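When a ligand or atom number is given, it counts from 1 through the structure's own listing order. Note that the structure is predicted; figures quoted are calculated from it, not measured.
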Amino acid sequence: MELLGHALDAMAAGALVLDDTGRILFANAAARTLLRPLAPEGRLLAEALPGADLSELAAAAATGEHIRITPDRGPAIEIQPRALAPGTYVVTLAQVRTDGGDPLTGLADRGRLRAELEANLARIRRGGQPLAVLCLDLDRFKEVNDTLGHPTGDALLRRVAERLRKTVRGEDLVARIGGDEFVIIQTNTRDPRAADALARRLVEAVCRPYVIDGQAITIGVSIGIAKAPCDGDEPDALVRHADLALYRAKAEGRGNYRFFEPEMDAQVKARRALEQQLAAALPCGQFHLAFQPQIGLESDRVAGFEALLRWTHPERGAIAPGEFIPVAEECGLMDQIGAWVLSAACEAAAGWPASAMVAVNVSAVQFRKGCILPAVTAALAASGLPPGRLELEITEAALLQNADAVVAALKELRALGVRISLDDFGTGYSSLSHLQRFAFDKIKIDRSFVQGLAGDSDRQAIMRALAGLGSSLGIEIVAEGVETAEQLAQLRALGCSGVQGYLIGRPLSCEAATALAAAQRVADAACGAGA
Ligand code: C2E
Ligand code: MG
Ligand code: MG
């Protein structure tokens, strides 16, 4: 036996002898190295090699199959069991070769993906079956990595890789090409619905919960799909097109899949161009502010103006803030632009009569890096505007995105003496808990709510209740988007404290706003201000 042991130790492959309970009776030197740091002899196989399953092993011993095991730590191992005698198995183990392979998951790497894609595309050119390329990106993987640590992140990637491999057919290729990015080549997709069915199975497989180190983790996946030959017959173009579809799947809310469409190419180019032009807009002086009057219904006087950002694009002319502000937010330009808006608005307001306030819209991203407080302080200091004349408008959606941080920042801003107003109320959740969470000075009722007011007794009752709530809590209630005299009369009757809208006045140039503020009597101005 000792001689046999020495002989087995000299083998390059790992070898284990197991009894029928799965206990390891013997391990050669190569097996001990592979299963480090545990000493395998005397342990159960499942303990020495987590993921190995005795019944699977017995089945494979009968058919002569190989089993691949991907442990949470360490390289993937391929095992081949054979029945030695009834109730005894000999199992050979080998580390899965990683050339052309990704060392972490054992999947193909970028180089192998390319080679396979080229070979398959050549086959298509010779009349072979079509194929589909699926680009996958895990949703919120970064959060797992950041909160649970890299070892857990790595373990999750291995488990995802394993599920992907089990979901595709044997002839399909699964590659990992970046942190949490995978690419699958689905070959022989004669049935046009094959890619669709695979994508659905992949989303389903990846989304099932994982348990890693006793911790339950769930993660999603987004998928973009391009088909060959119809979407491209060249590896780079195909992967790029699948990637564009992936970008769309992510933008449309993650956890889903999209097929490439030729317009996506043009849309992404247009979006990139818009981002570049937007980055140049501030240094090139293409922004200005328009000021829309707001009147108080008790005095019928101009209470102040809301500053609204305008961009004059060099080729396209005026672009509405609804189009460019979300882009500025996503590409990291909103802090700078927002700081400019604050300083330009405060400077304008400093030239108005002391009774007129200025309202500035602030976006949620301005709260993220703690930039809002210094920007407000700087704008007030440079203009000399008393803080009480500056009002910041924040939407309910912004409040929801990072409620604790936003509420903390709002409290600091309030401590400076700045007023805070809740914008677009009536469009989102319109939750009373938001009103309780932070004591707003003003609530602005959204235009869409105001426009449905006439003839809707439920809305009228809500409006009256809000007005009552506002007056008892000391919160001003201002209606936006007032366009008709009927709406104005109704809002007045329901107890609203202020109004804003085209009936009162369109957004004005700074000079026109200054003149209107000086004129003061707005009832007259309102009569002629239908334009
Ligand atoms: P908002 O803050 O609710 O601003 C009111 C919008 O309604 C403005 O559109 C205004 O021109 C429009 N409006 C006012 N009265 C009427 C009316 O009677 N009828 C109709 N149909 N519309 C009316 P605008 O200027 O296109 O701004 C759209 C949105 O863009 C704003 O909605 C605000 O959320 C955002 N925005 C504008 N400027 C800035 C800014 O400097 N920073 C940030 N973060 N957002 C801004
Ligand atoms: Mg606003
Ligand atoms: Mg609004």
More than 12 heavy atoms of other residues, nucleotides or ligands under 6.0 Å from CZ of Arg459: is that the case?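 For Arg459, atom CZ is crowded (more than 12 foreign heavy atoms under 6.0 Å).
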
Count the heavy atoms belonging to other residues, nucleotides or ligands that lie under 6.0 Å from CD of Glu275, then report whether that count exceeds 12.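 Yes, enclosed.
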
Tell me yes or no: between the side chains of Asp137 and Ser222, is some donor less than 3.5 Å from an acceptor?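 On atom types as modelled, these side chains do not qualify, holding no pair under 3.5 Å.
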
Pair Thr105-Asp102, side-chain donor/acceptor within less than 3.5 Å: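 The criterion, which ignores hydrogens and geometry beyond distance, is satisfied for Asp102 and Thr105.
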
Please list, in number order, the atoms of ligand 1 under 4.0 Å from a heavy atom of [X].
{"X": "Pro507", "answer": "11 (O)"}
{"X": "Pro321", "answer": "24 (P), 25 (O), 26 (O), 27 (O), 28 (C), 30 (O), 37 (C)"}
{"X": "Glu483", "answer": "17 (C), 18 (O), 19 (N), 20 (C), 21 (N)"}

If you have a sec, work out which protein heavy atom is nearest [atom] and how many Å separate them, to one decimal?
{"atom": "atom 38 (N) of ligand 1", "answer": "Leu309 N, 3.1 Å"}
{"atom": "atom 15 (N) of ligand 1", "answer": "Gln292 NE2, 2.9 Å"}
{"atom": "atom 46 (C) of ligand 1", "answer": "Ile325 CD1, 3.2 Å"}
{"atom": "atom 13 (N) of ligand 1", "answer": "Tyr502 CE2, 3.8 Å"}

Closer than 4.0 Å and a protein heavy atom, does any atom meet both conditions relative to atom 11 (O) of ligand 1?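 True for atom 11 (O) of ligand 1.
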
Distance below 4.0 Å between atom 32 (O) of ligand 1 and any protein heavy atom?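 No; the ligand atom in question lacks any protein heavy-atom contact below 4.0 Å.
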
Tell me how many protein N, O or S atoms are closer than 2.8 Å to the Mg ion (ligand 2).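 Those protein atoms number 4 in total.
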
Should Arg310 be listed as contacting ligand 1, given a heavy-atom distance under 4.0 Å as the test?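 Right, Arg310 reaches ligand 1.
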
Do we get Arg271 above Tyr247's six-membered ring, with its NZ or CZ under 6.0 Å from the centre and within 45° of the axis?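 Negative - Arg271 is either too far from the ring of Tyr247 or too far off its axis.
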
